[in-house]
Structure formats: structure tokens, C-alpha cells
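Bear in mind that the values here come from a model prediction, so they are computed numbers and not experimental data.
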Amino acid sequence: MKIFIINLLQRFRKILQYLFYSVLSTVLDVIVVWTAFHMAGIDLAIANTMGIVTGFVLSYVLSLKTVFDTRHGLSAFFVYLSTSAVGMLLANWLITTAYSLSILYCPKWFAFLLSKGISVVLPFFVMYFMRKYIYLWLNKRRS
């Protein structure tokens with residue numbers, strides 16, 4: 001059983017690393033969004049964009065070489081930036097839609113946490129797989 005678990009962890013090492021870095025980025029993201037939305041009164045989509053950009057920088061620095069085996073450079077940055085833009089659009093749509101629906105039935109703080117959670121999960125997978133396959137393709141072209 002121990003060998004099975006070790007093999008399983010090895011097989012999914014990259015996505016687990018990406019998950020860990022994403023959790024760190026998401027914690028920073030949520031702190032920024034919560035502060036901007038609840039304390040500064042900034043519009044939810046704008047606050048969410050601020051949080052996503054902050055998390056993007058941390059995620060890019062941490063995961064580019066270790067998760068995607070890609071060196072820092074203009075093309076790698078462009079891929080990360082463009083996939084983040086797709087993720088941000090999806091996240092903003094999810095957070096505003098989920099918030100506007102859940103605020104009808106939940107306290108404001110819970111509606112925020114619920115909608116932020118929803119807006120993190122789906123874009124996480126979308127961006128991971130987009131980046132994984134784009135970087136694989138770019139690395140093959142370079143070889």
C-alpha cells in the first residue's frame with residue numbers, strides 16, 4: 001500500500017505542486033479581494049481582478065520552472081498571462097453570478113466566500129491544463 005501511495009504521489013506530483021502554489025496564491029488573492037470589497041468598498045469584479053493579478057504574480061514566480069519545466073522568458077510569460085486572462089474572465093463571471101444568486105439566500109459574508117470558492121475551483125483546472133499542454137507544445141517545438 002505504501003508503494004502504491006508513493007507511486008500515486010509521484011504520478012501526480014506536478015498537479016499537486018501546482019495545487020499547493022495555487023492555494024498560496026489563492027490565500028493572497030482572497031485577502032486582497034476581501035479587503036478591497038469589504039473594507040474599501042471596491043466593486044466586486046474589480047476587487048476580484050486585483051486579487052487575481054496579485055495571485056498571478058505569485059503563481060507565475062513559483063510554478064513556471066517547477067511545475068511546467070519552462071524557463072522564464074517572454075513566450076512563457078505571454079502563455080501564463082494569456083491563460084490567466086482566460087481564467088480571470090471565467091472567475092469574474094463565476095464570482096459575480098454566484099454572488100448575485102447566493103446573496104438572495106445567504107448572509108453577505110457567506111455569499112462572498114461561497115462565490116469566491118466557486119470562482120477559484122473551475123478556473124484552477126482550466127488554467128492548469130491549458131498551461132500544461134501549451135508549454136508541452138512549446139517545449140517540443142524548441143527541441
Side-chain angles (χ1 to χ4, degrees), residues 4-143:
F4 172 75
I5 292 172
I6 291 171
N7 287 338
L8 194 62
L9 289 174
Q10 284 295 327
R11 183 172 182 214
F12 294 105
R13 183 176 65 85
K14 297 286 185 181
I15 197 163
L16 291 172
Q17 263 184 312
Y18 185 72
L19 176 63
F20 177 73
Y21 296 150
S22 293
V23 167
L24 291 177
S25 298
T26 300
V27 167
L28 179 61
D29 174 351
V30 170
I31 290 169
V32 169
V33 177
W34 181 275
T35 303
F37 181 60
H38 287 286
M39 303 193 127
I42 296 173
D43 176 74
L44 183 58
I46 294 170
N48 197 54
T49 301
M50 291 167 55
I52 289 171
V53 169
T54 305
F56 160 79
V57 172
L58 182 61
S59 179
Y60 175 76
V61 169
L62 293 176
S63 67
L64 191 64
K65 287 185 179 183
T66 59
V67 175
F68 299 111
D69 300 319
T70 301
R71 58 193 148 106
H72 293 272
L74 192 57
S75 63
F77 180 76
F78 178 72
V79 168
Y80 219 87
L81 184 63
S82 60
T83 55
S84 290
V86 170
M88 184 171 52
L89 290 172
L90 179 59
N92 280 340
W93 178 78
L94 287 168
I95 197 170
T96 54
T97 302
Y99 186 79
S100 64
L101 292 173
S102 61
I103 195 67
L104 300 172
Y105 306 102
C106 304
K108 186 177 182 179
W109 66 269
F110 187 78
F112 168 78
L113 290 177
L114 178 66
S115 60
K116 184 61 182 168
I118 291 169
S119 76
V120 166
V121 174
L122 185 60
F124 166 83
F125 288 105
V126 169
M127 288 186 299
Y128 173 77
F129 286 108
M130 285 174 60
R131 289 170 180 160
K132 177 182 176 178
Y133 292 113
I134 292 170
Y135 285 132
L136 279 173
W137 179 74
L138 286 175
N139 289 336
K140 284 181 183 179
R141 286 189 64 207
R142 290 183 186 139
S143 301

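- A donor-acceptor pair under 3.5 Å is formed between the side chain of Tyr135 and the backbone N or O of Ala76.
- Counting heavy atoms of neighbouring residues, nucleotides and ligands inside a 6.0 Å radius, atom CZ of Phe110 does not exceed 12 of them.
- Using cut-offs of 30° and 60° on the angle between ring planes, the pair Tyr80 and Tyr60 is perpendicular.
- Rounded to the nearest 0.5 angstrom, Ile95 CD1 and Ile118 CD1 are separated by 9.5 Å.
- When each of Asp43, Thr54, Asn92 is checked for a side chain to side chain donor-acceptor pair (under 3.5 Å) with Thr49, only Asn92 meets the rule.
- Side-chain contact, Tyr99 with Ser119: no donor N or O sits under 3.5 Å from an acceptor N or O.
- Annotation for Asn48 and Val33: closest pair CA-CG2, 3.6 Å, computed over non-hydrogen atoms.
- When atom types are taken as modelled, the side chain of Thr26 and the backbone of Ser22 share a donor-acceptor pair closer than 3.5 angstrom.
- Between Met50 and Ala36, the closest heavy-atom pair is CE-CB, 4.1 Å.
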Next on the checklist: The test is side chain to side chain contact (heavy atoms under 4.5 Å, CB included); show your working for Leu74 and Phe78 and say whether it passes.
Outcome noted: CA-CA 6 Å; Leu74 192 57; Phe78 178 72; 5.7 Å; no

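- Separating the CZ atom in Arg11 from the CZ atom in Phe4 is a distance of 9.0 Å, to the nearest 0.5 Å.
- Here the straight-line distance linking atom CG of Leu90 with atom CG of Leu122 works out to 5.0 Å at 0.5 Å rounding.
- The aromatic rings of Trp34 and His38 sit tilted relative to each other, their planes meeting at an angle between 30° and 60°.
- In this structure, CG in Leu19 is found 10.5 Å from OH in Tyr128, a value given to the nearest 0.5 Å.
- A donor-acceptor pair shorter than 3.5 Å cannot be found between the side chains of Arg13 and Thr66.
- A cation-pi arrangement is present between Lys108 and Phe37 under the rule of less than 6.0 angstrom and at most 45 degrees off the ring axis.
- Distance CG/Leu89 to CG/Leu94: 11.0 Å, rounded to 0.5 Å.
- Scanning both residues, Ser25 and Gly55, for their nearest heavy atoms gives OG-O, 3.3 Å.
- Of all heavy-atom pairs between Thr83 and Arg131, the closest is OG1-NE, 2.8 Å.
- Applying the ring pair (Phe, Tyr, Trp, His ring centres under 6.0 Å) test to Trp137 and every residue at least two apart in sequence or in another chain returns nothing.
- With sequence neighbours excluded, the residues that form a side-chain contact (heavy atoms from CB on, under 4.5 Å) with Thr97 are Trp93, Leu101.
- To the nearest 0.5 Å, atoms CD (Gln10) and CG (Leu16) are separated by 10.0 Å.
- Between Ala45 and Thr96, the shortest heavy-atom contact is CB-CG2, 4.2 Å.
- Scanning all heavy atoms of the two residues, the minimum distance from Tyr21 to Leu62 falls at CE1-O, 3.3 Å.
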